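The structure appears below as structure tokens.
Please read these numbers as outputs of a predicted model, since none were measured by experiment. The figures that follow rest on heavy atoms only: side chains count, while hydrogens, waters and symmetry mates do not.
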Amino acid sequence: MKQITIENLHCTDDLESFGDELRLEIYTDGELETAYRNRMHDGDDWAVKAGALFDDVCTIKLIEEDKGFPAGDDDLIGTVIIGGAEVSGATADIKRGDADYTITYSVRDRTDVDADSRADIAAAEFERSEQAGVWAAIDKATLLGNVRDRQNRAIEIDQERSNFCGPTSVVYELARTQPRRYVEMCRQLYETGGFWSRSERVEAPQSLRSDAVGQKMDPADWMLIATMRNAENALFKVKAASRGIRSGLEGMTHPWEIKGWAEEILGKDDVDVKTCFVFGELDAIKRAQEAFDAGGSAFILLNMAVLKSGERDIPPWPDHWVVFHGNLDITDDRVTYDVYTWGKIMTLDLDRERFEDHIFTVVTAV
């Protein structure tokens with residue numbers, strides 16, 4: 001392994017005349033490590049002092065955020081790609097238009113660390129932390145047990161008795177593909193009552209943090225998934241004791257929310273939504289396999305009747321999100337593929353008519 005230290009960012013010229021609201025994103029081997037934020041003007045220096053472990057390549061993106069402008073888009077100022085060669089006090093320029101920044105960094109060998117241990121290191125640091133938790137009903141030892149289970153076996157995440165299939169699907173992919181980030185997100189949320197996604201601070205309100213662990217979920221699953229779902233809900237805020245129609249309304253997830261979580265939680269740039277209510281089912285499922293093969297994620301909105309043995313008729317509306325899990329096989333009369341849901345991997349083996357009836361939307365994230 002290698003360790004990079006981002007030492008300093010110098011602003012020669014800012015992009016905006018009134019200064020830049022910056023987000024410095026660090027990716028290690030394609031995974032979003034973390035993001036730092038600062039405001040800078042001409043001549044400013046930012047002593048970042050941020051470190052990260054990586055195996056092959058570290059990518060740094062400098063972004064000017066359009067804060068306060070809902071219709072605006074963030075501006076990528078530039079990207080720096082750093083390999084594993086050892087350097088000390090190296091510099092790289094990041095320029096776009098009027099913007100002119102210089103980053104200073106060092107890289108050194110870490111032969112004492114391997115790639116698989118990064119999540120374990122994060123969990124050990126969480127365990128050693130003396131910061132008190134802010135969730136009244138969650139015991140840290142129990143939470144840590146959950147987190148360690150899930151960093152090693154994401155399949156332990158289970159929402160079968162809840163209505164949170166949408167955010168659960170995203171959290172499963174986070175733990176499966178980015179276990180270190182999953183551990184650190186859980187720690188932030190437990191210790192501070194919120195966490196930083198890619199560009200936003202996601203907060204759990206006091207009402208949720210003082211409530212019981214709900215919907216028969218384990219503490220780690222409830223804490224992160226309920227916080228994500230609650231942050232998206234305008235009217236029906238999440239409550240541990242909710243049942244029936246109220247619970248269903250609290251848990252309802254739309255395709256654009258999956259897209260947003262894929263960008264913000266999973267840190268993906270290439271996120272696509274394909275609707276197939278009427279046609280396009282085969283193209284959509286093929287795209288899911290392509291995303292999976294590329295190391296990305298795919299989320300499928302279907303009717304859960306297809307998951308239940310003996311139910312031939314599928315109602316013509318969607319009601320459940322699952323995670324595509326590969327093994328797609330298409331023949332003249334059948335379509336077979338695997339999905340994650342309810343804490344297990346399930347194989348769907350469908351005739352063509354039943355396949356076309358069951359699938360409504362596919363969100364891919366690479």
Side-chain angles (χ1 to χ4, degrees), residues 1-9 23-37 46-62 79-92 103-131 133 140-141 143-157 171-192 195-198 220 224 265-269 294-297 366:
M1 294 293 293
K2 307 291 184 178
Q3 179 169 336
I4 185 168
T5 301
I6 311 300
E7 296 162 358
N8 188 73
L9 183 70
R23 184 170 78 247
L24 185 71
E25 296 181 349
I26 302 174
Y27 293 79
T28 54
D29 303 309
E31 174 187 330
L32 177 61
E33 180 83 14
T34 192
Y36 298 92
R37 292 160 182 82
W46 174 11
V48 184
K49 302 299 182 184
L53 296 167
F54 68 100
D55 192 19
D56 293 318
V57 64
C58 178
T59 303
I60 300 168
K61 295 183 180 180
L62 185 63
T79 300
V80 177
I81 299 175
I82 299 168
E86 285 197 79
V87 294
S88 178
T91 61
I103 194 164
T104 304
Y105 65 92
S106 296
V107 177
R108 67 185 180 94
D109 281 321
R110 285 294 302 272
T111 55
D112 58 318
V113 180
D114 60 59
D116 293 336
S117 66
R118 285 186 293 175
D120 291 330
I121 292 170
E125 290 175 348
F126 184 11
E127 185 173 15
R128 289 193 297 269
S129 172
E130 297 181 358
Q131 178 70 42
K140 181 176 178 178
L143 176 66
L144 270 168
N146 289 167
V147 170
R148 288 187 184 277
D149 285 345
R150 284 146 180 77
Q151 77 178 66
N152 295 310
R153 277 178 45 83
I155 200 74
E156 297 290 337
I157 298 170
V171 170
Y172 169 78
E173 283 295 88
L174 176 67
R176 182 181 75 85
T177 63
Q178 303 176 46
R180 178 208 53 80
R181 184 164 156 78
Y182 165 76
V183 172
E184 293 186 350
M185 199 171 287
C186 288
R187 178 183 176 180
Q188 286 182 48
L189 185 53
Y190 177 72
E191 293 184 344
T192 71
F195 63 86
W196 277 101
S197 65
R198 187 177 187 178
L224 182 51
I265 303 296
L266 300 181
K268 302 299 185 182
D269 288 323
S297 303
V366 180

[atom1]-[atom2] distance between [X] and [Y], expressed to the nearest 0.5 angstrom:
X: Thr59; Y: Ile81; atom1: OG1; atom2: CD1; result: 5.0 Å
X: Glu184; Y: Ile121; atom1: CD; atom2: CD1; result: 10.0 Å
X: Leu62; Y: Leu9; atom1: CG; atom2: CG; result: 5.5 Å
X: Arg150; Y: Cys186; atom1: CZ; atom2: SG; result: 9.0 Å
X: Phe195; Y: Leu189; atom1: CZ; atom2: CG; result: 6.5 Å
X: Arg23; Y: Arg198; atom1: CZ; atom2: CZ; result: 6.0 Å

Flag the pair [X] and [Y] as a salt bridge only when some basic side-chain nitrogen lies within less than 4.0 angstrom of an acidic carboxylate oxygen.
X: Glu173; Y: Arg176; answer: yes
X: Glu86; Y: Lys2; answer: no
X: Asp55; Y: Arg118; answer: no

Are [X] and [Y] side-chain neighbours, meaning at least one heavy-atom pair lies under 4.5 Å?
X: Ile82; Y: Val87; result: no
X: Leu53; Y: Thr28; result: no
X: Glu33; Y: Phe54; result: no
X: Asn152; Y: Pro179; result: no
X: Asp112; Y: Arg110; result: yes
X: Tyr105; Y: Val48; result: no

Check for a donor-acceptor pair, side chain of [X] on one end and backbone N or O of [Y] on the other, with a separation under 3.5 Å.
X: Thr91; Y: Thr104; value: no
X: Arg181; Y: Leu266; value: no
X: Gln188; Y: Trp196; value: yes

Check: Gln151/Asp120 side-chain N/O donor and acceptor closer than 3.5 Å: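 Judged by distance alone, the side chains do pair up.
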Check against side chain to side chain contact (heavy atoms under 4.5 Å, CB included), Met185 and Ile265: CA-CA 9 Å; Met185 199 171 287; Ile265 303 296; 4.3 Å; yes
When you look at Trp46 and Leu24, which way does the side chain to side chain contact (heavy atoms under 4.5 Å, CB included) test go after all the steps? CA-CA 11 Å; Trp46 174 11; Leu24 185 71; 4.1 Å; yes
Locate the shortest heavy-atom distance separating [X] from [Y]; write the atom from each residue and the value.
X: Leu32; Y: Gly267; value: CD2-CA, 4.1 Å
X: Ala119; Y: Arg180; value: CB-N, 3.7 Å
X: Ala175; Y: Ile157; value: CB-CD1, 3.9 Å
X: Tyr172; Y: Ala154; value: CD1-O, 3.4 Å
X: Val80; Y: Ala92; value: CG1-CB, 3.9 Å
X: Val107; Y: Gly84; value: CG1-O, 4.0 Å

Stacked cation flag Lys61 on Tyr27, 6.0 angstrom / 45 deg: yes
As a quick check of understanding, evaluate side chain to side chain contact (heavy atoms under 4.5 Å, CB included) for Tyr36 and Ile6, giving each step before the final call. CA-CA 11 Å; Tyr36 298 92; Ile6 311 300; over 6 Å; no
